[in-house]
Amino acid sequence: MVTITYLGHACFTMEDGKHSIIVDPFLTGNPEAATQADKVKVDAILVSHGHGDHLGDAVAIAKRLKVPIIAPYELAMYCQRQGADVHPMHIGGSYQFPFGRVKLTQALHGSAVVGEAIEYTGHPCGFIIQMGEKTVYFAGDTGLFGDMALLGKLHPLDVAILPIGDNFTMGISDAVEATKMLNPAVVIPIHYGAFPIIKQDPHQFEKEVLAKTSARCVVLRPGEKLEM
Ligand code: NI
Ligand code: MN
């Protein structure tokens, strides 16, 4: 059995009883966070891009647990400079890790660590994660793009995890179009509740998915799980 636990905003864990990973571990400062960075126990950390609401606590967790950060090359080098173990990858590439297979997909967005200066960290990405016979697509922060149809065709998806918050990413109607193209068994909306500017009603998304696609929509509140 594979379990996805939603930890709020764009952060979730995925585990199969033997291994576990965390994706985009923004917990400190995340008003939706369902756990704390120092309680996380995982074998690897996947980070889609350098924005603070995704990179989050990745370096601190990586250092504490001595586990790698898997990220696009430029972002991985940034994390390595902060003292983390890393496994750099890039878009279109996949790699077999002990916990499963990860492929990086394109995302239409930016990627930078924004402090007093802006340090660009290459291209943002999404992930296709194969773990315990299940295939999950996490789109990352992205606008809609037509090649989602190709991703769905090449990788029959058990789950697609899509942003619906609008403003910085797809909103509800584009995420419904994405669901049509990806054709997953289950779609989970994320990235819609942590900040006022991205507030959306996930149940509106759920209604439209039901009416317009063949996917099942599962709305997870932070801390809730989907077992497959
Ligand atoms: Ni972002
Ligand atoms: Mn974001």
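Read the numbers this way: they start at 1 and go in the same order the structure lists the ligands and their atoms.
- Looking at Ser48 and His54, their side chains come closer than 4.5 Å, going by heavy atoms from C-beta outward.
- Between the side chains of Asp141 and His51, no donor-acceptor pair is found at a separation under 3.5 Å.
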**Study point:** Stepwise ring pair (Phe, Tyr, Trp, His ring centres under 6.0 Å) test for Phe205 and Tyr192
**Key:** CA-CA 11 Å; Phe205 176 68; Tyr192 59 80; 8.8 Å; no

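- Connection of Leu220 to Ile190 is established within a shared hydrophobic cluster, with ILVMFWY side chains joined at heavy-atom distances below 4.5 Å, either directly or through further cluster members.
- For the Mn ion (ligand 2), the count of nearby protein N, O or S atoms, meaning those under 2.8 Å away, is 4.
- Side-chain rings of His155 and Tyr137 stay apart, their centers remaining 6.0 Å or farther from each other.
- Note on Leu65 and Phe99: separate hydrophobic clusters, where clusters join Ile, Leu, Val, Met, Phe, Trp and Tyr whose side-chain heavy atoms are under 4.5 Å apart, directly or indirectly.
- Remark: of the listed residues Asn30, Asp53, Asp24, Asp53 is the sole one forming a side chain to side chain donor-acceptor pair (under 3.5 Å) with His9.
- The environment of Arg221 atom CZ is sparse: at most 12 non-hydrogen atoms of other residues, nucleotides or ligands sit within 6.0 angstrom.
- Taking 2.8 Å as the limit, the number of protein N, O or S atoms around the Ni ion (ligand 1) is 4.
- In terms of hydrophobic clustering, with Ile, Leu, Val, Met, Phe, Trp and Tyr side chains grouped at heavy-atom distances under 4.5 Å, Ile188 and Val2 are assigned to a common cluster.
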